[in-house]
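Owing to the predicted nature of the structure, the values given are computational and were not obtained by experimental measurement. By convention here, the first residue in the shown sequence is residue 1.
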Amino acid sequence: MAGHIVKEADLTEYSGAVSAPTATERGIGRDPKHGVSSPGGKSPKKMKSNGRMAGILLTPTGIILAALVIVPIIFLVFTSFTNFNRRSLMTGEFDMRGLSQYQAVLTDPTFWAALLRTFLFTAALVVGSMLIGMGVAQMMTKLGTVMRYIVTFVLIFAWAMPNVASSFVWVWLFQPKYGVINWLLTKLHIFGDVTNLAWADNTTLAFLSIWLLVVWQAVPYIAITLYAATMQLDPSSLEAAQLDGAGPIRTYWQIVVPLISPSILVIGMLSVIWDFNVFNQIWLVSAGGPGGSTSTIGVFTYKKAFINFDISQGAAISVITVAILLVITSFYVRNLLKSGEDL
(Lines give C-alpha, C1' and ligand atoms only; values in the text may rest on other atoms or scores of the structure.)
Protein backbone atom coordinates (compact mmCIF):
# COMPACT_ATOMS: atom_id res chain seq x y z
CA MET A 1 0.00 0.00 0.00
CA ALA A 2 2.81 2.39 0.93
CA GLY A 3 4.53 1.64 -2.36
CA HIS A 4 1.30 2.33 -4.19
CA ILE A 5 1.00 5.75 -2.49
CA VAL A 6 4.62 6.58 -3.32
CA LYS A 7 4.03 5.71 -6.95
CA GLU A 8 0.96 7.97 -7.12
CA ALA A 9 2.98 10.84 -5.59
CA ASP A 10 5.79 10.27 -8.04
CA LEU A 11 3.33 10.26 -10.91
CA THR A 12 1.82 13.54 -9.67
CA GLU A 13 5.24 15.20 -9.52
CA TYR A 14 6.11 13.83 -12.91
CA SER A 15 2.89 15.04 -14.53
CA GLY A 16 3.52 18.52 -13.09
CA ALA A 17 7.06 18.47 -14.42
CA VAL A 18 5.97 17.59 -17.95
CA SER A 19 2.82 19.75 -18.06
CA ALA A 20 1.81 21.34 -21.36
CA PRO A 21 3.88 24.35 -22.42
CA THR A 22 2.42 27.77 -21.77
CA ALA A 23 1.29 30.15 -24.50
CA THR A 24 4.46 32.18 -24.03
CA GLU A 25 6.64 29.05 -24.40
CA ARG A 26 4.85 28.15 -27.60
CA GLY A 27 5.59 31.65 -28.93
CA ILE A 28 1.95 32.82 -28.93
CA GLY A 29 1.69 36.57 -28.23
CA ARG A 30 5.35 37.21 -29.05
CA ASP A 31 6.68 39.70 -31.51
CA PRO A 32 8.19 37.45 -34.21
CA LYS A 33 11.19 39.77 -34.52
CA HIS A 34 12.05 40.51 -30.88
CA GLY A 35 10.21 37.77 -29.05
CA VAL A 36 8.33 40.26 -26.82
CA SER A 37 4.63 39.84 -26.18
CA SER A 38 2.36 42.51 -27.65
CA PRO A 39 -0.98 43.63 -26.16
CA GLY A 40 -3.76 41.13 -26.79
CA GLY A 41 -1.30 38.69 -28.32
CA LYS A 42 -1.21 40.66 -31.59
CA SER A 43 1.89 41.74 -33.41
CA PRO A 44 2.42 45.47 -34.11
CA LYS A 45 2.05 44.72 -37.81
CA LYS A 46 -1.35 43.14 -37.21
CA MET A 47 -2.47 46.06 -35.02
CA LYS A 48 -1.34 48.57 -37.66
CA SER A 49 -3.33 46.68 -40.29
CA ASN A 50 -6.44 46.73 -38.08
CA GLY A 51 -6.04 50.47 -37.49
CA ARG A 52 -5.77 51.10 -41.22
CA MET A 53 -8.93 49.06 -41.85
CA ALA A 54 -10.81 50.99 -39.15
CA GLY A 55 -9.76 54.25 -40.79
CA ILE A 56 -10.99 53.03 -44.18
CA LEU A 57 -14.37 52.01 -42.73
CA LEU A 58 -14.82 55.34 -40.91
CA THR A 59 -13.84 57.48 -43.91
CA PRO A 60 -17.36 57.63 -45.49
CA THR A 61 -18.85 58.68 -42.14
CA GLY A 62 -16.17 61.34 -41.72
CA ILE A 63 -16.82 62.71 -45.20
CA ILE A 64 -20.58 62.91 -44.56
CA LEU A 65 -20.07 64.63 -41.20
CA ALA A 66 -17.66 67.10 -42.74
CA ALA A 67 -20.05 67.88 -45.60
CA LEU A 68 -23.20 68.18 -43.51
CA VAL A 69 -21.89 69.57 -40.19
CA ILE A 70 -18.36 70.93 -40.21
CA VAL A 71 -18.44 72.81 -43.52
CA PRO A 72 -21.80 74.53 -42.81
CA ILE A 73 -20.59 75.59 -39.36
CA ILE A 74 -17.42 77.09 -40.86
CA PHE A 75 -19.50 78.91 -43.49
CA LEU A 76 -21.92 80.13 -40.79
CA VAL A 77 -19.12 81.63 -38.71
CA PHE A 78 -17.53 83.17 -41.81
CA THR A 79 -20.86 84.66 -42.94
CA SER A 80 -21.34 86.34 -39.56
CA PHE A 81 -18.34 88.56 -40.32
CA THR A 82 -19.72 89.75 -43.68
CA ASN A 83 -22.71 91.68 -45.03
CA PHE A 84 -24.14 88.62 -46.81
CA ASN A 85 -27.72 89.35 -47.91
CA ARG A 86 -30.25 88.78 -50.69
CA ARG A 87 -27.98 90.43 -53.26
CA SER A 88 -25.15 88.10 -52.26
CA LEU A 89 -27.33 85.09 -53.01
CA MET A 90 -27.74 86.25 -56.61
CA THR A 91 -24.33 87.78 -57.34
CA GLY A 92 -22.06 86.14 -54.78
CA GLU A 93 -20.74 89.57 -53.82
CA PHE A 94 -20.26 90.57 -50.20
CA ASP A 95 -17.91 92.61 -48.04
CA MET A 96 -16.14 91.81 -44.81
CA ARG A 97 -17.60 93.74 -41.89
CA GLY A 98 -15.66 92.37 -38.90
CA LEU A 99 -17.65 92.40 -35.66
CA SER A 100 -20.26 94.89 -36.84
CA GLN A 101 -22.97 92.21 -37.13
CA TYR A 102 -22.37 91.05 -33.57
CA GLN A 103 -22.44 94.66 -32.40
CA ALA A 104 -25.76 95.21 -34.17
CA VAL A 105 -27.24 92.07 -32.60
CA LEU A 106 -26.04 92.79 -29.07
CA THR A 107 -27.39 96.35 -29.19
CA ASP A 108 -30.79 95.27 -30.54
CA PRO A 109 -33.43 95.26 -27.72
CA THR A 110 -35.63 92.83 -29.67
CA PHE A 111 -32.80 90.27 -29.57
CA TRP A 112 -32.57 90.48 -25.78
CA ALA A 113 -36.36 90.25 -25.48
CA ALA A 114 -36.38 87.11 -27.65
CA LEU A 115 -33.49 85.64 -25.65
CA LEU A 116 -35.22 86.27 -22.31
CA ARG A 117 -38.44 84.82 -23.72
CA THR A 118 -36.50 81.75 -24.83
CA PHE A 119 -34.94 81.17 -21.41
CA LEU A 120 -38.29 81.48 -19.62
CA PHE A 121 -40.15 79.27 -22.09
CA THR A 122 -37.35 76.69 -22.07
CA ALA A 123 -37.48 76.54 -18.26
CA ALA A 124 -41.25 76.05 -18.34
CA LEU A 125 -40.94 73.30 -20.96
CA VAL A 126 -38.14 71.42 -19.20
CA VAL A 127 -39.76 71.56 -15.75
CA GLY A 128 -43.18 70.58 -17.08
CA SER A 129 -42.01 67.73 -19.29
CA MET A 130 -39.63 66.35 -16.65
CA LEU A 131 -42.21 66.34 -13.85
CA ILE A 132 -44.94 64.81 -16.01
CA GLY A 133 -42.49 62.28 -17.50
CA MET A 134 -41.29 61.25 -14.04
CA GLY A 135 -44.91 60.82 -12.94
CA VAL A 136 -45.79 58.68 -15.95
CA ALA A 137 -42.66 56.56 -15.48
CA GLN A 138 -43.53 55.91 -11.84
CA MET A 139 -47.12 55.11 -12.80
CA MET A 140 -45.91 52.51 -15.30
CA THR A 141 -44.12 50.63 -12.51
CA LYS A 142 -47.50 50.12 -10.80
CA LEU A 143 -49.43 48.93 -13.85
CA GLY A 144 -50.12 45.37 -14.87
CA THR A 145 -48.45 43.83 -17.88
CA VAL A 146 -51.28 44.41 -20.39
CA MET A 147 -51.98 47.98 -19.32
CA ARG A 148 -48.25 48.79 -19.29
CA TYR A 149 -47.92 47.57 -22.88
CA ILE A 150 -50.88 49.73 -23.92
CA VAL A 151 -49.41 52.82 -22.24
CA THR A 152 -46.01 52.13 -23.83
CA PHE A 153 -47.58 51.80 -27.29
CA VAL A 154 -49.47 55.08 -26.86
CA LEU A 155 -46.31 56.86 -25.70
CA ILE A 156 -44.24 55.56 -28.61
CA PHE A 157 -46.99 56.50 -31.08
CA ALA A 158 -47.10 60.07 -29.74
CA TRP A 159 -43.30 60.30 -29.76
CA ALA A 160 -43.04 58.97 -33.32
CA MET A 161 -45.32 61.63 -34.82
CA PRO A 162 -43.38 64.24 -36.85
CA ASN A 163 -43.30 67.75 -35.43
CA VAL A 164 -45.00 69.24 -38.49
CA ALA A 165 -47.86 66.73 -38.44
CA SER A 166 -48.38 67.19 -34.70
CA SER A 167 -48.37 70.96 -35.08
CA PHE A 168 -51.04 70.90 -37.80
CA VAL A 169 -53.19 68.60 -35.65
CA TRP A 170 -52.74 71.04 -32.77
CA VAL A 171 -53.79 73.99 -34.95
CA TRP A 172 -56.96 72.12 -35.86
CA LEU A 173 -57.69 71.22 -32.22
CA PHE A 174 -57.43 74.87 -31.11
CA GLN A 175 -59.04 76.40 -34.22
CA PRO A 176 -61.75 79.05 -33.66
CA LYS A 177 -65.36 77.93 -34.41
CA TYR A 178 -64.40 74.38 -35.42
CA GLY A 179 -61.74 73.42 -32.88
CA VAL A 180 -62.39 70.45 -30.59
CA ILE A 181 -60.82 72.17 -27.56
CA ASN A 182 -63.04 75.25 -27.88
CA TRP A 183 -66.09 73.05 -28.35
CA LEU A 184 -65.21 70.94 -25.31
CA LEU A 185 -64.56 73.96 -23.06
CA THR A 186 -67.85 75.50 -24.17
CA LYS A 187 -69.76 72.29 -23.35
CA LEU A 188 -68.17 72.15 -19.89
CA HIS A 189 -69.34 75.73 -19.20
CA ILE A 190 -66.06 76.51 -17.40
CA PHE A 191 -65.23 79.76 -19.23
CA GLY A 192 -68.55 80.41 -20.93
CA ASP A 193 -68.86 80.36 -24.72
CA VAL A 194 -65.32 80.16 -26.14
CA THR A 195 -66.27 78.73 -29.53
CA ASN A 196 -64.74 81.68 -31.39
CA LEU A 197 -61.66 81.97 -29.19
CA ALA A 198 -58.47 82.39 -31.24
CA TRP A 199 -55.65 81.02 -29.09
CA ALA A 200 -52.91 82.29 -31.42
CA ASP A 201 -54.13 85.88 -31.08
CA ASN A 202 -53.41 85.99 -27.35
CA THR A 203 -49.80 85.78 -26.11
CA THR A 204 -50.59 83.78 -22.96
CA LEU A 205 -52.95 81.37 -24.69
CA ALA A 206 -50.57 80.94 -27.62
CA PHE A 207 -47.72 80.04 -25.29
CA LEU A 208 -50.02 77.69 -23.37
CA SER A 209 -51.07 75.79 -26.48
CA ILE A 210 -47.46 75.54 -27.70
CA TRP A 211 -46.34 74.42 -24.23
CA LEU A 212 -48.94 71.65 -24.25
CA LEU A 213 -47.80 70.54 -27.71
CA VAL A 214 -44.07 70.42 -26.91
CA VAL A 215 -44.61 68.73 -23.55
CA TRP A 216 -46.93 66.18 -25.15
CA GLN A 217 -44.16 65.31 -27.60
CA ALA A 218 -41.38 65.27 -24.97
CA VAL A 219 -43.04 63.20 -22.22
CA PRO A 220 -42.90 59.80 -24.02
CA TYR A 221 -39.09 59.78 -24.31
CA ILE A 222 -38.65 60.96 -20.72
CA ALA A 223 -41.19 58.51 -19.31
CA ILE A 224 -39.88 55.43 -21.12
CA THR A 225 -36.23 56.22 -20.32
CA LEU A 226 -36.88 56.86 -16.63
CA TYR A 227 -39.11 53.79 -16.41
CA ALA A 228 -36.25 51.67 -17.76
CA ALA A 229 -33.87 53.25 -15.22
CA THR A 230 -36.30 52.67 -12.35
CA MET A 231 -36.73 49.00 -13.22
CA GLN A 232 -32.95 48.50 -12.86
CA LEU A 233 -33.00 49.51 -9.18
CA ASP A 234 -32.42 46.99 -6.41
CA PRO A 235 -35.84 46.22 -4.86
CA SER A 236 -34.23 45.69 -1.44
CA SER A 237 -33.60 49.43 -1.01
CA LEU A 238 -37.26 50.19 -1.67
CA GLU A 239 -38.37 47.42 0.68
CA ALA A 240 -36.08 48.75 3.40
CA ALA A 241 -37.63 52.21 3.08
CA GLN A 242 -41.12 50.76 3.33
CA LEU A 243 -40.15 48.78 6.45
CA ASP A 244 -38.90 52.02 7.99
CA GLY A 245 -42.37 53.49 7.52
CA ALA A 246 -41.73 55.67 4.45
CA GLY A 247 -44.77 56.29 2.27
CA PRO A 248 -44.83 56.02 -1.54
CA ILE A 249 -44.16 59.72 -2.14
CA ARG A 250 -41.32 59.90 0.37
CA THR A 251 -39.81 56.67 -0.97
CA TYR A 252 -39.89 58.01 -4.50
CA TRP A 253 -38.28 61.38 -3.78
CA GLN A 254 -35.74 60.21 -1.20
CA ILE A 255 -34.82 56.78 -2.60
CA VAL A 256 -35.79 56.40 -6.25
CA VAL A 257 -34.94 59.90 -7.51
CA PRO A 258 -31.38 59.97 -6.05
CA LEU A 259 -30.68 56.52 -7.50
CA ILE A 260 -31.83 57.46 -11.01
CA SER A 261 -30.36 60.98 -10.83
CA PRO A 262 -27.70 60.25 -13.53
CA SER A 263 -30.48 59.46 -16.00
CA ILE A 264 -32.44 62.52 -14.89
CA LEU A 265 -29.40 64.75 -15.45
CA VAL A 266 -28.79 63.41 -18.94
CA ILE A 267 -32.44 63.74 -19.96
CA GLY A 268 -32.63 67.20 -18.38
CA MET A 269 -29.60 68.39 -20.33
CA LEU A 270 -30.95 67.03 -23.60
CA SER A 271 -34.32 68.63 -22.87
CA VAL A 272 -32.67 72.01 -22.33
CA ILE A 273 -30.93 71.78 -25.71
CA TRP A 274 -34.02 70.53 -27.55
CA ASP A 275 -36.44 73.00 -25.97
CA PHE A 276 -34.06 75.93 -26.41
CA ASN A 277 -34.08 75.23 -30.15
CA VAL A 278 -37.84 74.68 -30.55
CA PHE A 279 -38.93 76.22 -33.83
CA ASN A 280 -41.42 74.14 -35.83
CA GLN A 281 -44.13 74.11 -33.19
CA ILE A 282 -43.95 77.85 -32.51
CA TRP A 283 -43.80 78.82 -36.17
CA LEU A 284 -46.67 76.57 -37.27
CA VAL A 285 -48.96 77.36 -34.33
CA SER A 286 -48.47 81.12 -33.87
CA ALA A 287 -45.75 82.19 -36.37
CA GLY A 288 -44.18 84.12 -33.49
CA GLY A 289 -47.26 86.29 -33.05
CA PRO A 290 -49.20 88.17 -32.03
CA GLY A 291 -46.84 91.04 -32.72
CA GLY A 292 -43.74 88.91 -32.19
CA SER A 293 -44.68 88.22 -28.55
CA THR A 294 -44.09 84.45 -28.93
CA SER A 295 -40.90 84.76 -30.97
CA THR A 296 -38.19 82.77 -29.26
CA ILE A 297 -34.57 82.99 -30.42
CA GLY A 298 -35.16 80.38 -33.13
CA VAL A 299 -38.12 82.21 -34.64
CA PHE A 300 -36.33 85.56 -34.27
CA THR A 301 -33.30 84.20 -36.15
CA TYR A 302 -35.47 82.72 -38.91
CA LYS A 303 -37.29 86.00 -39.46
CA LYS A 304 -34.05 87.94 -39.48
CA ALA A 305 -32.27 85.62 -41.95
CA PHE A 306 -35.00 84.30 -44.27
CA ILE A 307 -37.79 86.89 -44.15
CA ASN A 308 -35.79 90.09 -43.84
CA PHE A 309 -32.90 88.41 -45.72
CA ASP A 310 -30.33 89.84 -43.33
CA ILE A 311 -28.44 86.56 -43.58
CA SER A 312 -25.19 87.74 -42.00
CA GLN A 313 -26.95 89.04 -38.91
CA GLY A 314 -28.94 85.81 -38.69
CA ALA A 315 -25.63 83.94 -38.82
CA ALA A 316 -24.28 86.08 -35.97
CA ILE A 317 -27.36 85.28 -33.86
CA SER A 318 -26.86 81.57 -34.59
CA VAL A 319 -23.22 81.71 -33.48
CA ILE A 320 -24.25 83.45 -30.25
CA THR A 321 -26.93 80.80 -29.68
CA VAL A 322 -24.40 77.99 -30.14
CA ALA A 323 -22.04 79.70 -27.70
CA ILE A 324 -24.84 79.93 -25.09
CA LEU A 325 -25.66 76.23 -25.48
CA LEU A 326 -21.98 75.31 -25.18
CA VAL A 327 -21.75 77.25 -21.91
CA ILE A 328 -24.85 75.48 -20.56
CA THR A 329 -23.49 72.10 -21.65
CA SER A 330 -20.11 72.81 -20.03
CA PHE A 331 -21.79 73.09 -16.62
CA TYR A 332 -23.34 69.67 -17.14
CA VAL A 333 -20.03 68.10 -18.20
CA ARG A 334 -18.23 69.69 -15.24
CA ASN A 335 -20.81 68.25 -12.83
CA LEU A 336 -20.37 64.84 -14.41
CA LEU A 337 -16.60 65.00 -13.98
CA LYS A 338 -16.95 66.09 -10.35
CA SER A 339 -19.33 63.22 -9.57
CA GLY A 340 -17.07 60.69 -11.30
CA GLU A 341 -19.71 59.65 -13.86
CA ASP A 342 -18.71 58.55 -17.33
CA LEU A 343 -19.34 60.97 -20.18
### Query
Roughly how far, to the nearest 0.5 Å, is the CZ atom of Arg86 from the CG atom of Asn308?
9.0 Å
### Task
Find out if a path of hydrophobic residues (ILVMFWY) with successive side-chain heavy-atom gaps under 4.5 Å connects Ile324 to Ile282.
no
#### Entry: Gap separating the CG atom of Leu115 from the OG1 atom of Thr110, nearest 0.5 angstrom
11.5 Å
### Query
Do you know which two heavy atoms are closest between Ser167 and Val285, and how far apart they sit?
O-CG2, 4.4 Å
### Task
Could you tell me which residues satisfy side chain to side chain contact (heavy atoms under 4.5 Å, CB included) with Leu212, sequence neighbours excluded, listed by chain and number?
Trp170, Phe174, Leu208
### Message
Nearest 0.5 Å, please: how far is CZ in Phe111 from NZ in Lys304?
### Response
10.5 Å
### Task
Would you check if Phe279 and Thr301 make a side-chain contact, meaning some heavy-atom pair closer than 4.5 Å?
no
### Test side chain to side chain contact (heavy atoms under 4.5 Å, CB included) applied to Val214 and Asp275, step by step
CA-CA 8 Å; Val214 178; Asp275 295 338; 3.8 Å; yes
#### Entry: Check: Gln217 and Gln281 side chains under 4.5 Å, non-hydrogen atoms
yes
### Task
Evaluate the side chain to side chain contact (heavy atoms under 4.5 Å, CB included) criterion for residues Arg97 and Ser312: first the C-alpha distance (whole Å), next the side-chain angles of each, then the deciding distance (0.1 Å), finally the verdict.
CA-CA 10 Å; Arg97 291 298 178 87; Ser312 56; over 6 Å; no
### Task
With sequence neighbours excluded, tell me which residues meet side chain to side chain contact (heavy atoms under 4.5 Å, CB included) with Glu93.
Arg87, Thr91
What donor-acceptor contacts under 3.5 angstrom involve side-chain atoms of residues 197-206, with partners at least two apart or in another chain?
{"unit_1": "Trp199", "atom_1": "NE1", "unit_2": "Asn182", "atom_2": "OD1", "d": "2.7"}
{"unit_1": "Asn202", "atom_1": "OD1", "unit_2": "Thr204", "atom_2": "N", "d": "3.0"}
{"unit_1": "Asn202", "atom_1": "OD1", "unit_2": "Leu205", "atom_2": "N", "d": "3.1"}
{"unit_1": "Thr203", "atom_1": "OG1", "unit_2": "Ser293", "atom_2": "OG", "d": "2.7"}

### Query
In terms of heavy-atom contacts, does CE of Met90 have more than 12 from other residues, nucleotides or ligands at under 6.0 Å?
no
### Query
Rounded to the nearest 0.5 Å, how far apart are CG of Asn83 and CG of Asp310?
9.5 Å
### Query
Under a 4.5 Å side-chain heavy-atom rule over Ile, Leu, Val, Met, Phe, Trp and Tyr, are Trp274 and Trp159 clustered together?
yes
### Message
Can you give me the closest heavy-atom contact between Arg117 and Gly292, atom names plus distance?
### Response
NH1-O, 3.4 Å
### Summary
All heavy atoms of Leu259 vs all of Pro262, minimum pair found to be O-CD, 3.8 Å
### Message
Closer than 3.5 angstrom, by distance alone: can the side chain of Asp234 be matched with the main-chain N or O of Ser236 as a donor-acceptor pair?
### Response
yes
### Thr145 side, atom OG1; Ile150 side, atom CD1 - distance, nearest 0.5 Å
11.0 Å
### Query
Of Leu155, Val154, Ile156, which meets side-chain contact (heavy atoms from CB on, under 4.5 Å) against Thr152?
Ile156
### Task
Name all residues meeting the side-chain hydrogen bond (donor to acceptor under 3.5 Å, both in side chains) criterion together with Tyr252; count only those two or more places apart in sequence or in a different chain, and write none if there are none.
none
### Task
Would you kindly confirm whether Val299 and Ile307 end up in one hydrophobic cluster when ILVMFWY residues are joined by side chain heavy atoms under 4.5 Å apart?
yes
### Task
Just jot down the side-chain hydrogen bond (donor to acceptor under 3.5 Å, both in side chains) partners of Thr79, sequence neighbours excluded, or say none.
none
## Note on the structure
Across all chains, not counting sequence neighbours, the side chain to side chain contact (heavy atoms under 4.5 Å, CB included) partners of Phe191 are Leu185, Val194
Show me the side-chain donor-acceptor pairs of residues 219-227 shorter than 3.5 Å, one per line, residues at least two apart or across chains.
{"unit_1": "Thr225", "atom_1": "OG1", "unit_2": "Tyr221", "atom_2": "O", "d": "2.7"}
{"unit_1": "Tyr227", "atom_1": "OH", "unit_2": "Arg148", "atom_2": "NE", "d": "2.9"}

### Query
Quick one: are the ring centres of Phe94 and Phe78 less than 6.0 Å apart?
yes
### Task
Please identify each residue that fulfils ring pair (Phe, Tyr, Trp, His ring centres under 6.0 Å) with Phe119, with sequence neighbours left out.
Phe276
### Task
Please examine the side chains of Met269 and Ile328, heavy atoms only from C-beta on, and report whether any two atoms are closer than 4.5 Å.
yes
### Query
Can you list the steps and then say if Phe84 with Gln101 is a side chain to side chain contact (heavy atoms under 4.5 Å, CB included)?
CA-CA 10 Å; Phe84 205 94; Gln101 300 296 350; over 6 Å; no
### Query
Is the backbone of Met96 close enough, under 3.5 Å, to the side chain of Thr82 for a donor and an acceptor to pair up by distance?
no
### Message
Is there a path of hydrophobic side-chain contacts, each under 4.5 Å between heavy atoms, that joins Val77 and Ile297?
### Response
yes
### Message
Distance alone, cut at 3.5 Å: any donor-acceptor contact between the side chains of Ser286 and Thr294?
### Response
yes
### Task
Apply the test side chain to side chain contact (heavy atoms under 4.5 Å, CB included) to residues Ser271 and Ile267: give CA-CA distance (whole Å), side-chain angles for both, the deciding distance (0.1 Å), then the verdict.
CA-CA 6 Å; Ser271 297; Ile267 296 172; 4.0 Å; yes
### Task
Report, as yes or no, whether the 6.0 Å neighbourhood of atom CH2 on Trp183 holds more than 12 heavy atoms from other residues, nucleotides or ligands.
no
### Message
My understanding is that only residues two or more places apart in sequence, or in another chain, count here; which of them pass ring pair (Phe, Tyr, Trp, His ring centres under 6.0 Å) with Phe121?
### Response
Phe207
### Query
Does Ala124 offer a backbone N or O that forms a donor-acceptor pair with the side chain of Trp211 under 3.5 Å?
yes
Side chains of residues 129-138: which donor-acceptor partners sit under 3.5 Å, not counting sequence neighbours?
{"unit_1": "Ser129", "atom_1": "OG", "unit_2": "Leu125", "atom_2": "O", "d": "2.7"}
{"unit_1": "Ser129", "atom_1": "OG", "unit_2": "Val126", "atom_2": "O", "d": "3.2"}

### Query
Would you say Ile249 has more than 12 foreign heavy atoms packed within less than 6.0 Å of its CD1?
no
#### Entry: Donor-acceptor contact present, side-chain Asp244 to main-chain Ala246, <3.5 Å
no
### Summary
Contacts of Tyr302 meeting side-chain hydrogen bond (donor to acceptor under 3.5 Å, both in side chains) (sequence neighbours excluded), chain-then-number -> none
### Distance-only polar pair, side chains of Ser166 and Asn163, donor-acceptor under 3.5 Å
no
### Task
Looking only at non-hydrogen atoms, find the nearest pair between Ala158 and Trp216 and report the distance.
CB-CZ2, 3.8 Å
### Query
What about Ile264 and Val215, same hydrophobic cluster or not, with Ile/Leu/Val/Met/Phe/Trp/Tyr joined at side-chain heavy-atom distances under 4.5 Å?
no
## Note on the structure
Closest heavy-atom pair, Val71 versus Ala67, reported as atoms and distance to 0.1 Å, is CB-O, 4.2 Å
### Query
Does CE in Met161 sit with more than 12 non-hydrogen atoms of other residues, nucleotides or ligands closer than 6.0 Å?
yes
### Task
First locate atom CD1 of Ile70, then atom CD1 of Ile64, and finally report the distance between them rounded to the nearest 0.5 Å.
12.5 Å
### Task
Taking all non-hydrogen atoms of both residues into account, name the closest pair between Val278 and Thr296 and its distance.
O-OG1, 3.8 Å
## Note on the structure
For Tyr149, the ring pair (Phe, Tyr, Trp, His ring centres under 6.0 Å) test, sequence neighbours excluded, returns none
